[in-house]
Amino acid sequence: MRKLKFIVLLLLPITVAYSQSLSKGQQIRLMYSLIEEHDSDSYAMLQSLAKLPTKYKLNGMTITTGEPTKPEAWLSGKTAEDIRGSLNTVVHESLHNFTSYYPYQMLSNESSHDYDFGDSYSAFMIDGSDIALVKHTDVYNSNELKRDIPKALRTFRYNPYITPKSNLGSQKQGIYGLLDEFNAYFRGTLISYKLFPVYREMGSDNPSAYLDYMQNMSSIRMAYFEFKYYMLAYLNRAETSYPEQYEGFMSNQDLRRTYTLIHDQFEQLNENIDQRITKLMADLNNQGIESYIKDNYFWVQNRGIGMNLEAIELLKEELSKSRYTRQHDAFVLN
């Protein structure tokens, strides 16, 4: 999904470096060089995705998958800043492809898996050396959560991930599709976070560069709270309305391990982001460059970026309720 842009107030003049148009080849080379330099795990994922065959032999059957979408298809715009701002989407969408295509590679390499036609799997990248193969159990459609999510908590990702009813994996694949989105948003947020050295170098001459850094990261970081909420609400509904499915989720150790690891990484990333924001404001103010957070915006001098702080606080408050903390504690593996 393309991410909604934040409202930017009182824009400063755009420099030539930001507006210079790049050829398609230059865009692609910049994309790969930035990902390789700043996020080796995502770069390895893209390399693995590019090498996948389109046919596999599994239990005497030939499975044809077609080709994944090329990463550069997710680039938007033509300037260097456009490319930097697109990397979270490139990683996010490419990881969806990896999660759905790579299971066939793993299944074909591991004879211990008794694949039957119609079985569904996901390959969740935990890091560059840990790919979790998770077999899907029976699910109900996540669209049913529209009955449980109050209007105050229907953030902009409620539509389309929960409603209207569609063929999105977050709906039809239930908890497995929601976890896929959770992981994709984590990885997209992570590449944006890791690009800080690039913006720090630009910020030494133009402090407004830090607003572009925050714009590329702030919206997607909220997905941690949104998809944690959706997954725990999903498990709560399964426990009360679909007990056999709930037992299937609780018995799926691969699913629970994957949820635990991705959750803990995303949680730590958000803590790191908060610490970086605090330090960045202090550093800028020490240089005589006014920076602060006010009225849900992060400001540098006379330019501000929305932070979704009010929506995040509402989600935090909801997630602190016992029905969610109990469900989370029951589901994670220690």
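It should be emphasised that the depicted structure is a prediction, and the values quoted were computed from it without experimental measurement.
- For the 3.5 Å distance criterion, the side chains of Thr65 and Lys55 fail to qualify, holding no donor opposite an acceptor.
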Report the C-alpha separation of Thr137 and Tyr176 in whole Å, then their side-chain angles, then the decisive distance to 0.1 Å, and conclude whether the side-chain hydrogen bond (donor to acceptor under 3.5 Å, both in side chains) test is met. CA-CA 9 Å; Thr137 55; Tyr176 302 96; 2.5 Å; yes
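- Of the N and O atoms on the side chains of Gln215 and Tyr210, not one donor lies less than 3.5 Å from an acceptor on the other residue.
- By the 4.0 Å N-to-carboxylate-O rule, Lys135 lies too far from Asp254 to be salt-bridged with it.
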Taking it one step at a time, do Thr62 and Lys57 satisfy side-chain hydrogen bond (donor to acceptor under 3.5 Å, both in side chains)? CA-CA 5 Å; Thr62 300; Lys57 289 285 188 179; 2.8 Å; yes
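- A salt bridge links Asp283 to Lys279: one of the charged nitrogens lies within less than 4.0 Å of a carboxylate oxygen.
- Asp130 places no side-chain N or O within donor-acceptor distance of the main-chain N or O of Ile126, the cut-off being under 3.5 Å.
- Contact record, Asp82 with Ser76: CB-O, 3.2 Å, taken as the closest heavy-atom pair.
- Residues Tyr213 and Leu195 share a closest heavy-atom pair of CE1-C, 4.2 Å.
- Of the N and O atoms on the side chains of Asp264 and Gln268, not one donor lies less than 3.5 Å from an acceptor on the other residue.
- Tyr324 pairs in a ring-ring contact (aromatic ring centres under 6.0 Å, His included) with only one of the listed residues (Tyr229, Phe225, Phe331), which is Tyr229.
- Shown here is Asn167, whose CG atom has no more than 12 heavy atoms of other residues, nucleotides or ligands within 6.0 Å.
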Take Thr240 and Asn236 through the side chain to side chain contact (heavy atoms under 4.5 Å, CB included) test and state the conclusion after the steps. CA-CA 7 Å; Thr240 57; Asn236 281 337; over 6 Å; no
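- Residue Val332 is grouped with residue Leu235 when hydrophobic side chains (ILVMFWY) are merged at heavy-atom distances under 4.5 angstrom, including chains of intermediate members.
- For the pair Arg84 and Tyr199, the cation-pi criterion (under 6.0 Å, within 45° of the ring axis) is fulfilled.
- Using a 30° and 60° split on the angle between ring planes, Phe98 and Tyr102 fall in the parallel class, below 30°.
- The closest donor-acceptor contact from the side chain of Asp127 to the backbone of Ser129 lies under 3.5 Å.
- In terms of modelled atom types and a separation under 3.5 Å, the side chain of Asn285 and the main chain of Met281 share a donor-acceptor contact.
- Defined by atom type and a distance below 3.5 Å, a donor-acceptor pair is present between the side-chain atoms of Ser251 and Glu247.
- For Thr79 (side chain) and Ser21 (main-chain N/O), no donor-acceptor pair under 3.5 Å exists by modelled atom type.
- Inter-residue side-chain proximity for Arg187 and Gln265 is flagged as met; some heavy-atom pair is nearer than 4.5 Å.
- Under 3.5 Å, the side chains of Ser94 and Asn97 contain no donor-acceptor pair of N or O atoms.
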Mind running side chain to side chain contact (heavy atoms under 4.5 Å, CB included) on His96 and Glu181 for me, showing each step along the way? CA-CA 8 Å; His96 280 319; Glu181 289 294 346; 3.2 Å; yes
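- A 4.5 Å side-chain heavy-atom check between His136 and Asn252 finds every atom pair outside the cut-off.
- Aromatic rings of Tyr292 and Phe298 (six-membered ring for Trp) have centroids beyond the 6.0 Å cut-off, not under it.
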Kindly indicate, with the supporting measurements, whether the criterion side chain to side chain contact (heavy atoms under 4.5 Å, CB included) is fulfilled by Ser241 and Tyr246. CA-CA 9 Å; Ser241 300; Tyr246 183 73; over 6 Å; no
Assess whether salt bridge (Lys or Arg N to Asp or Glu O under 4.0 Å) is satisfied between Glu318 and Arg323, documenting all intermediate values. CA-CA 9 Å; Glu318 185 71 10; Arg323 62 178 175 271; 3.2 Å; yes
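- Looking at Asn159, its side chain never comes within 3.5 Å of a backbone N or O of Phe156 through a donor-acceptor pair.
- A cation-pi contact, defined as under 6.0 Å to the ring centre and within 45° of the axis, is absent between Arg256 and Phe249.
- Under the 4.5 Å side-chain contact rule for hydrophobic residues, Ile262 and Leu333 do not share a cluster.
- Nearest heavy-atom pair across Gly188 and Val91 is N-CG1, 4.3 Å.
- When all heavy atoms of Ala123 and Ile131 are compared, the closest pair comes out as CB-CG2, 3.9 Å.
- Of the possible donor and acceptor atoms, one in the side chain of Gln171 sits under 3.5 Å from a partner among the backbone N and O of Pro160.
- Using cut-offs of 30° and 60° on the angle between ring planes, the pair Phe182 and Phe266 is tilted.
- Here Arg326 pairs with Glu239 in a salt bridge; the nearest charged N to carboxylate O distance falls below 4.0 Å.
- Between the side chains of Tyr230 and Arg157, no donor-acceptor pair of N or O atoms lies under 3.5 Å.
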Determine whether Met45 and Ser48 satisfy the following criterion, side chain to side chain contact (heavy atoms under 4.5 Å, CB included), listing intermediate values before the conclusion. CA-CA 5 Å; Met45 178 269 293; Ser48 295; 5.8 Å; no
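- Proximity of Leu178 to Ser142: side-chain heavy atoms (C-beta onward) are separated by under 4.5 Å at one or more points.
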Show your working on side-chain hydrogen bond (donor to acceptor under 3.5 Å, both in side chains) between Asn296 and Glu310 and close with a plain yes or no. CA-CA 7 Å; Asn296 210 33; Glu310 293 177 0; 4.8 Å; no
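- Judged by distance alone, the side chain of Asn206 and the main-chain N or O of Ser208 form a donor-acceptor pair under 3.5 Å.
- Judged by distance alone, the side chain of Thr278 and the main-chain N or O of Asp274 form a donor-acceptor pair under 3.5 Å.
- Looking at Ile35, Asp39, Leu95 one by one, the single match for side-chain contact (heavy atoms from CB on, under 4.5 Å) with Leu46 turns out to be Ile35.
- Between the side chain of Asn88 and the backbone N or O of Ser192, no donor-acceptor pair lies under 3.5 Å.
- Ring orientation note: the planes of Tyr43 and Tyr32 are nearly perpendicular, at an angle over 60° on the 30°/60° scale.
- The six-membered or imidazole ring of Tyr185 lies away from that of Tyr224, with a centre-to-centre distance of 6.0 Å or more.
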Given Tyr234 and Tyr140, is the ring-ring contact (aromatic ring centres under 6.0 Å, His included) satisfied, shown in steps? CA-CA 9 Å; Tyr234 188 94; Tyr140 69 92; 4.0 Å; yes
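- For the residue pair Lys24 and Glu72, the shortest heavy atom distance occurs at NZ-O, 3.8 Å.
- Between the Asn270 side chain and the Glu267 main chain, no donor and acceptor come within less than 3.5 Å of each other.
- Looking at Leu261 and Arg257, their side chains come closer than 4.5 Å, going by heavy atoms from C-beta outward.
- Side-chain atoms of Glu226 and Thr155 form a donor-acceptor pair, as typed in the model, at a separation below 3.5 Å.
- Pro103 and Ser122 get closest at one heavy-atom pair: CG-C, 3.7 Å.
- Take Tyr193 and apply the ring-ring contact (aromatic ring centres under 6.0 Å, His included) test, not counting sequence neighbours, and it matches no residue.
- In this structure, a donor-acceptor pair under 3.5 Å is present between the side chains of Tyr259 and His328.
- Within the model, atoms CE of Met125 and CG of Asp41 stand 5.5 Å from one another, a figure rounded to the nearest 0.5 Å.
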